[in-house]
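Report on the following structure.
Every number for a ligand or one of its atoms is a count from 1 in the order of the listing. FYI, side chains are in, hydrogens and waters are out, and symmetry mates aren't considered; it's all heavy atoms of this structure. Being a predicted model, the structure only gives us computed values, none of them experimental.
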Amino acid sequence: MCRLCKGTMKESTTTHTVDLGKCLIVVRNVPCLECTQCGEMEYTTAVLKRLEQIVESCREMMTEIMVVSYTEKAA
Ligand SMILES: [Zn+2]
């Protein structure tokens, strides 16, 4: 249930972007829940943890723009 409008959440995928200032990380195909009424996106705790890991590993690469796929990073 959506925490904003209490609408129905459906499973979807989205592109998650993290701007670290000198580095922009774009993670594609991130599983999320999307509200069918207002479009609010929500990640599960597992996905949030995974995103943190991806950001951490990308941070060390010092690349300006990094585009990764959520599923490719499964290792
Ligand atoms: Zn909603």
Step through the shown structure and confirm whether more than 12 heavy atoms of other residues, nucleotides or ligands are within 6.0 Å of NZ on K10.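 Yes, the 6.0 Å shell around NZ holds more than 12 heavy atoms from other groups.
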Is it true that atom CD of E64 has more than 12 heavy atoms of other residues, nucleotides or ligands lying nearer than 6.0 Å?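 Atom CD in E64 is not packed in, count stays at 12 or less.
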Report yes if some heavy atom in the side chain of V26 is under 4.5 Å from a heavy atom in the side chain of M66; otherwise report no.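 Side-chain contact under 4.5 Å: no.
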Tell me the closest heavy-atom pair linking N29 and Y70, and the distance in Å.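 Smallest interatomic distance, heavy atoms only, reads O-CB, 3.4 Å.
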Minimum heavy-atom separation for Y43 to V30, with atom names?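 In this case the closest contact between Y43 and V30 is CE2-CG1, 3.6 Å.
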For the Zn ion (ligand 1), state how many protein N, O or S atoms fall inside a distance shorter than 2.8 Å.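 If we list every protein N, O or S atom nearer than 2.8 Å to the Zn ion (ligand 1), we get 4.
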Is the closest basic N to carboxylate O distance between K49 and E52 below 4.0 Å?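 No, this pair does not count.
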